[in-house]
Amino acid sequence: MLQVPFIKENKETVIKQLAVRNIDATKMIEDVISLDEDRRQTQTLLDNGLAEANTLSKEIGDLYKSGKAAEANALKEKTTELKETTKNLTERLNDIVEALNNLLYKIPNVPHASVPKGSTEEDNEEIFREGDIPVLHSEALPHWELAKKYDIIDFELGNKITGAGFPVYKGKGARLQRALIAYFLDKNTEAGYTEYQLPLLVNEASGFGTGQLPDKEGQMYHVTEDNLYLIPTAEVPGTNIFRDVILNESELPIGITGYTPCFRREAGSYGAHVRGLNRLHQFDKVEILRVEHPSRSYQALDEMVAHVKTLLIDLKLPYRILRLCGADIGFTSALTYDFEVFSTAQDRWLEISSVSNFETFQANRLKLRFKNAEGKNELAHTLNGSSLALPRVLAGILENYQTKDGIVIPDVLVPYTGFKIID
RNA sequence: GGAGAAAUGGCAGAGCGGUCGAAUGCGGCAGUCUUGAAAACUGUUGAGGGUCACACCUCCGGGGGUUCGAAUCCCUCUUUCUCCGCCA
């Protein structure tokens, strides 16, 4: 969430930049400012009342000690009224703070200056493209057909065991999946990220910290019995490592990577465009995540983008990078680059990574700070990105690497799979 | 799942219902000393709100209560530890 002092100091810019998301935030911003004003006034009134009560209590204590019980009792009378006032003020303050927070939760992050305005995902800006699109033989198939042909992914079996969107990977399909996970983790570790294994269920506070709660709980599976949520991405447990943490400046930057299954309800999305591996309720993803000094978070974002590029170059998959427009960028993000792999057999681009800088938006919720050079606590910047999301990479490999003899395994993966072809 | 014990500042660890934001030790930071370092000594060292800056207010796991007054008493939740049961 945005910081109130920031909103106050940059009111016009905030409104102008939120317009990039097609939001007219004028009223919300003005309400925030006036609620905050209200908050401070009420707080001051309350504080004065409490100060008076404290003084009275001390006097009463002193009077009792010196044996003047009668005078003490007289003073007690005065506290009754005071208690009533402070109680009312406390309630009023709580209401104001709640209203203020509810409002702040509704305001998305301020887009970076480079984010293009736009009304649909069509307006995302392609900034880079690399890799040759293979020319496939005439009988080339989409990946769900290939999965069936080589018996490596069983969607029907998943339907039986769980339901739609929970595929079962079999034999070389399962092994290829594991190979990709291991490969990505190794590459990320080489690039300086520390590997973590994280919980797959998170509590409410964690969901809140990264912004999935309170508004987007519909995205997550909820275990009501224990009030826990299945993670939609490793970003949630990963970033919450740093909830309520004050780092030393010297500890920055921090980079971590982790593989987790991800669970998403994806309510309401059905149809041809979600066939096969294109959109699942459970999928695997390797994530990279950073905590950065504000002064270099955009440099860090560039480094993350450069790193993800190397993975795709190594896999020899044709890809492009999009700078998301205001209509498509996530609620918590200031700037997001999406990576898409070209799926030849489907003749379409598949999103396989999303790399974002959240600036202080998450840190503010998380209370993730570092002690800066002046010895003051300052919010850090958080960033994360997929490196990479498995199913669509798998789809890309199956489709782009298919030959009449079978699916050729990309060279860099062979040490991990132990085989060179799926046939 | 059952029975007990506990939860205090970066860590360890005191704390009688009033003067406790909290002793003490360690650690951290600054300084003295030293060619430099160590040791020793001196000082300093939680977070949030508020203010131009002070003042002032809040926070001793979370929430609620008793009281003029709560880290201290009561209720409740959570977590941790020990024992039992179950178990990869």
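What's counted below: heavy atoms across the whole structure, side chains too, no hydrogens, waters or symmetry copies. In what follows, chains carry the letters A, B, and so on, assigned in the order in which the sequence lines appear, proteins first and then strands, with residues in each chain numbered from 1.
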Subject >> Closest-nucleotide ordering on RNA chain B, the 5'-leading residue of A:Lys76 and A:Lys371 >> reply: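 Counting from the 5' end, the first nearest nucleotide belongs to A:Lys371.
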**OP:** Let me know, please, whether A:Asp62 or A:Leu56 comes out on the 5' side of the other along RNA chain B by nearest nucleotide.
**Re:**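 Its nucleotide being nearer the 5' end, the pick is A:Asp62.
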Original post:
Does any non-hydrogen side-chain atom of A:Glu287 lie less than 4.5 Å from one of A:Thr260?
Top reply: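 Not in contact.
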**OP:** Find out whether A:Arg392 and A:Glu351 are in side-chain contact, i.e. whether some heavy atom of one side chain is under 4.5 Å from a heavy atom of the other.
**Re:**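 In contact.
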Is the ring pair [X]/[Y] parallel, tilted or perpendicular, if the boundaries are 30 and 60 degrees?
| X | Y | answer |
| --- | --- | --- |
| A:Tyr416 | A:Tyr183 | perpendicular |
| A:Phe370 | A:His293 | tilted |
| A:Tyr221 | A:Phe166 | tilted |

Would you mind reading off the distance between [X] atom [atom1] and [N] atom [atom2], rounded to a whole angstrom?
| X | N | atom1 | atom2 | value |
| --- | --- | --- | --- | --- |
| A:Phe370 | B:rG10 | CZ | P | 19 Å |
| A:Asn203 | B:rC77 | CG | P | 19 Å |
| A:Leu46 | B:rU58 | CG | C1' | 9 Å |
| A:Asn48 | B:rA55 | CG | P | 14 Å |
| A:Glu204 | B:rU78 | CD | P | 14 Å |
| A:Ile60 | B:rA70 | CD1 | P | 12 Å |
| A:Leu228 | B:rU78 | CG | C1' | 13 Å |
| A:Leu368 | B:rA47 | CG | P | 15 Å |

Subject >> Under-4.0 Å salt bridge between A:Arg39 and A:Asp36 >> reply: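 Looking at A:Arg39 and A:Asp36, the cut-off is met.
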**OP:** Using a strict cut-off of less than 4.0 Å between a Lys/Arg side-chain nitrogen and an Asp/Glu carboxylate oxygen, indicate whether A:Lys367 and A:Asp244 qualify as a salt bridge.
**Re:**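 So A:Lys367 does not pair with A:Asp244 through a salt bridge.
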Give none if [N] has no partner; otherwise give the nucleotide forming a Watson-Crick or G-U wobble pair with it, both distances under 3.5 Å.
| N | answer |
| --- | --- |
| B:rC41 | B:rG31 |
| B:rC59 | B:rG46 |
| B:rA70 | none |
| B:rC11 | B:rG25 |
| B:rA53 | none |
| B:rU82 | B:rA3 |
| B:rC87 | none |

Subject >> Nearest-neighbour nucleotide for the A:Leu50 side chain, B:rC56, B:rC68, B:rU58 considered >> reply: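 Ranking B:rC56, B:rC68, B:rU58 by closest atom to the A:Leu50 side chain puts B:rU58 first.
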Gap in Å between the two [atom1] atoms, one belonging to [N] and one to [M], rounded:
| N | M | atom1 | value |
| --- | --- | --- | --- |
| B:rC60 | B:rG15 | C1' | 11 Å |
| B:rU72 | B:rG63 | P | 13 Å |
| B:rC29 | B:rU78 | C1' | 36 Å |
| B:rC16 | B:rC86 | P | 42 Å |
| B:rA12 | B:rG50 | P | 32 Å |
| B:rC26 | B:rC41 | P | 9 Å |
| B:rA37 | B:rG31 | P | 11 Å |
| B:rG13 | B:rC52 | P | 43 Å |

Subject >> Contacts of type side chain to side chain contact (heavy atoms under 4.5 Å, CB included), residue A:Thr194, not counting sequence neighbours >> reply: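 Here the qualifying residues are A:Tyr196.
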**OP:** For A:Asn22 and A:Gly118, work out which heavy atoms get closest and say how close.
**Re:**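 That closest heavy-atom pairing would be ND2-O, 2.7 Å.
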**OP:** State, to 0.1 Å, how close A:Gly165 and A:Asn159 come at their nearest heavy-atom pair, and which atoms those are.
**Re:**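 Nearest pair, atom of A:Gly165 first, then A:Asn159: N-OD1, 4.5 Å.
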For nucleotides 48-50 of chain B, list the nitrogen or oxygen atoms of the protein found under 3.5 Å from its nitrogen or oxygen atoms, one pair per line.
from   : atom 1 : to       : atom 2 : distance (Å)
B:rG48 : OP1    : A:Arg369 : NH1    : 2.8
B:rG49 : O3'    : A:Arg39  : NH2    : 2.6
B:rG49 : N2     : A:Asp47  : OD2    : 3.2
B:rG50 : OP1    : A:Arg39  : NH2    : 2.7

Subject >> Sole candidate of A:Leu185, A:Leu390, A:Asn188 that passes side chain to side chain contact (heavy atoms under 4.5 Å, CB included) when paired with A:Tyr259 >> reply: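 When side chain to side chain contact (heavy atoms under 4.5 Å, CB included) is applied between A:Tyr259 and each of A:Leu185, A:Leu390, A:Asn188, only A:Leu185 qualifies.
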Subject >> Phosphate-side-chain proximity, A:Asn54 and B:rU58, N/O vs OP1/OP2 below 4.0 Å >> reply: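 Yes, because at least one side-chain N or O of A:Asn54 sits under 4.0 Å from OP1 or OP2 of B:rU58.
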Original post:
Heavy-atom contacts under 4.0 Å between residues 82-102 of chain A and RNA chain B, which residues?
Top reply: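 Of all residues in residues 82-102 of chain A, the ones placing a heavy atom under 4.0 Å from RNA chain B are A:Lys83.
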